[in-house]
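Bear in mind that the values here come from a model prediction, so they are computed numbers and not experimental data. Numbers restart at 1 for each chain; the letters A, B, ... are given by sequence-line order, proteins then strands.
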There are 2 protein chains.
Amino acid sequence: MSFNSQPHASPPATGLPSQVVSFQSSRAGYLAPRIACNTCNMHELCMPVGMSFEEVEKLNELISVRKRVKRGAALYRSGEEFSALYAIRTGFFKTVVNAEDGHEQVTGFQMAAEVLGLDGINTNRHTCHAIALEDSDVCVVPFGKLEELAHDLPVFQRQIHRMMSREIVREHSVMLLLGSMRADARLAAFLIDMVQRLHSRGYSSHELVLRMTREEIGSFLGLKLETVSRMFSKFVEEGIIEVKQRHVVIVEPEALNAIVHHHP
Amino acid sequence: MSFNSQPHASPPATGLPSQVVSFQSSRAGYLAPRIACNTCNMHELCMPVGMSFEEVEKLNELISVRKRVKRGAALYRSGEEFSALYAIRTGFFKTVVNAEDGHEQVTGFQMAAEVLGLDGINTNRHTCHAIALEDSDVCVVPFGKLEELAHDLPVFQRQIHRMMSREIVREHSVMLLLGSMRADARLAAFLIDMVQRLHSRGYSSHELVLRMTREEIGSFLGLKLETVSRMFSKFVEEGIIEVKQRHVVIVEPEALNAIVHHHP
DNA sequence: CGACCGTTTGATAGTGCTCAATTCAAGTGG
DNA sequence: CCACTTGAATTGAGCACTATCAAACGGTCG
């Protein structure tokens with residue numbers, strides 16, 4: 001099960017160390033006024049297939065604006081007007097929906113090379129918050145211009161359709177998790193998903209640093225934070241993982257898989 | 001909360017009686033070989049805004065193929081190649097995802113004027129089953145041709161984007177339900193959603209006939225069928241609804257609303 | 001160092017699941 | 001036409017799982 005199937009089997013992004021996520025990633029010069037899309041380390045997102053030089057130029061123009069979002073700050077909030085999609089360059093986000101009664105729930109966690117904002121297309125207003133869980137920066141992609149570019153590049157248009165379809169399929173997986181798995185299976189699936197997504201970005205395949213609290217994990221998984229904590233402790237007791245605060249080492253990946261697929 | 005926000009506030013489809021769903025709807029002549037899109041009773045889906053005569057002609061060509069699906073049969077199945085979207089003309093469907101371990105879960109119920117197949121765009125293969133819960137017929141919309149038409153009609157392109165975004169937002173609502181509501185609130189929300197969607201199609205606003213079993217409702221809501229049945233009984237005892245098999249009358253809509261929004 | 005936030009752990013209660021028995025509705029065939 | 005079959009729905013009893021409430025612990029940062 002994957003909560004965020006990557007676009008194709010994207011190679012690890014350049015410049016990222018093939019090891020565990022570091023708390024403070026150096027980003028000196030990262031926000032220099034002019035970084036072309038073709039030198040961006042997530043360009044597989046924007047340029048799915050062969051694109052001519054002229055086309056790349058258009059793309060450069062399209063997403064020349066970037067934005068920093070401080071940890072804890074919102075990239076956008078529910079109710080705000082929708083104007084652009086956001087491609088995450090570096091950092092980590094959560095998306096949160098809120099019910100009328102004030103109750104909130106995390107609907108997903110997003111990392112580099114993933115896209116935020118698709119929820120706003122429908123009504124031209126965002127329907128969830130996008131909150132940075134660490135200092136992040138994103139490419140701002142004005143949606144009107146994106147549609148123009150897509151119009152000129154059918155293959156790019158298809159890529160946008162695929163991106164939205166992928167999000168729909170991802171949410172199917174989450175629904176399956178929320179509707180049919182028990183607490184231990186939910187957390188196991190969550191850990192597998194996170195480490196896989198990080199691995200595809202060049203990080204370790206068995207080690208990760210969580211960017212969110214137990215409460216946020218619980219909100220996403222439909223559990224209370226105490227239950228999340230208990231499941232972590234259970235996995236540690238069973239020797240399946242090692243946990244030091246938010247640093248998690250997966251010792252027995254197969255055991256995690258078995259828990260996900262084991263039915264009561 | 002809505003699990004399937006309609007495209008704008010669409011007027012009731014023509015030809016549908018403004019009363020409870022009938023078990024056997026007459027559809028004599030419905031599948032006559034040539035029914036133009038502009039006489040189709042769900043054309044608000046296809047033609048969001050002013051469209052010229054020529055444009056309507058293109059559209060007619062696009063979706064001239066229709067398909068009947070018998071109750072219990074699959075419109076498509078997970079793993080099958082994706083080639084088209086399907087606009088439901090009449091009938092009722094469920095979509096079902098299946099985990100590797102064989103476990104299945106209903107991810108949604110679809111009725112007339114709603115679209116099936118968006119899950120297949122991503123990988124060119126469907127990732128869920130679409131099963132008819134009653135004899136249905138659908139317009140087959142070849143996706144390649146749809147993209148061509150969208151290319152010629154930017155406003156139509158936008159409509160497709162909105163449709164996909166709407167599905168993403170709908171699934172957020174389901175995640176909220178599955179992640180944070182108790183059994184009674186889930187069923188109450190489900191009933192409200194169903195009756196609202198039917199009402200927007202010209203049916204009663206307080207009475208409905210369910211097309212799915214208790215087990216299918218439970219699968220969608222993340223509950224066991226016995227729990228669904230018990231919640232029905234509870235609502236009946238409390239005088240909120242009346243139930244005769246799959247025929248449901250909502251006596252106290254406000255009470256249902258209160259149950260959805262009431263937090264423990 | 002102390003305050004605070006996040007996390008862990010324990011005890012208890014509630015909610016929904018499991019297993020099982022009936023009831024009900026709608027066919028089906030003698 | 002009625003006994004029989006079948007699938008769906010209801011209802012009950014006991015239990016498993018997760019939430020709740022509460023307390024203690026630990027790391028971080030002013």
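Residues T95(A) and Q110(A) have side chains that bring a donor and an acceptor to within less than 3.5 angstrom of each other. For the 3.5 Å distance criterion, the side chains of Q105(B) and H172(A) fail to qualify, holding no donor opposite an acceptor.
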Polar pairs (N or O, both sides) under 3.5 Å between protein and nucleotides 20-25 of chain C?
none

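Because its NZ or CZ atom is not both nearer than 6.0 Å to the ring centre of F109(B) and within 45° of the ring axis, R211(B) does not count as a cation-pi partner of that residue.
Axis orientation changes by 30° from one end of the helix from dC1(C)-dG30(D) to dG30(C)-dC1(D) to the other, with each end axis drawn from 5 pairs and the value rounded to 10°.
Residue-level contact check: G222(A) touches the backbone only, with heavy atoms under 4.0 Å from sugar-phosphate atoms and none from bases. Among the atoms of the strands shown, only primed sugar atoms or phosphate atoms (P, OP1, OP2) are found under 4.0 Å from some heavy atom of S233(A).
If you check dT7(C), dA8(D), dT18(D) against the side chain of R246(A), the one that comes closest is dT7(C). When distances run from any side-chain atom of K224(B) to the nucleotides dT18(C), dT18(D), dA19(D), the shortest one goes to dT18(C). Here the nucleotide nearest the side chain of S229(A), chosen from dA9(D), dT9(C), dG6(C), is dT9(C). Counting only heavy atoms from C-beta on, V243(A) has its side chain closest to dT8(C) among dG16(C), dA8(D), dT8(C).
Ion pairing of E114(B) with R166(B) is absent here, as no side-chain N (NZ or NE/NH1/NH2) approaches a carboxylate O to less than 4.0 Å.
Note: NZ (K244(B)) to P (dT10(D)) measures 14 Å, nearest angstrom. Whole-Å rounding puts the L133(A) CG to dG6(C) C1' distance at 14 Å. Rounded to a whole Å, the CG atom of L223(B) is 16 Å from the C1' atom of dT10(D). When rounded to the nearest whole Å, the span between CG of L225(A) and P of dC21(D) equals 13 Å. Atom-to-atom, CZ of F232(A) to C1' of dT9(C) comes out at 16 Å; the value is rounded to the nearest Å. In this structure, E215(B) places its CD atom 14 Å from C1' of dC17(C), rounding to the nearest Å. Look at CD on E216(A): it is 14 Å from C1' on dT7(C), rounded to the nearest Å. The interatomic distance linking M181(A) (CE) with dG16(C) (P) rounds to 20 Å, in whole Å.
Between F82(B) and H126(B), the ring-plane angle classifies as perpendicular under the 30° and 60° cut-offs.
The closest donor-acceptor contact from the side chain of R186(B) to the backbone of L178(B) lies under 3.5 Å. Under a 3.5 Å cut-off, the side chain of H247(B) and the backbone N or O of V209(B) do not form any donor-acceptor pair.
K224(A) meets the side chain to side chain donor-acceptor pair (under 3.5 Å) test with no other residue; sequence neighbours excluded.
Looking at M212(A) and F220(A), their side chains never come closer than 4.5 Å, going by heavy atoms from C-beta outward.
OP1 and OP2 of dG16(C) both lie 4.0 Å or more from every side-chain N or O belonging to T227(B). Phosphate contact (OP1/OP2 of dA16(D), side-chain N/O of R182(A), threshold under 4.0 Å): absent.
Within 6.0 Å of CD on E215(A) lie no more than 12 heavy atoms contributed by other residues, nucleotides or ligands.
Closest-nucleotide positions on DNA chain C for D184(B) and E237(A) were compared, and the one nearer the 5' end corresponds to E237(A).
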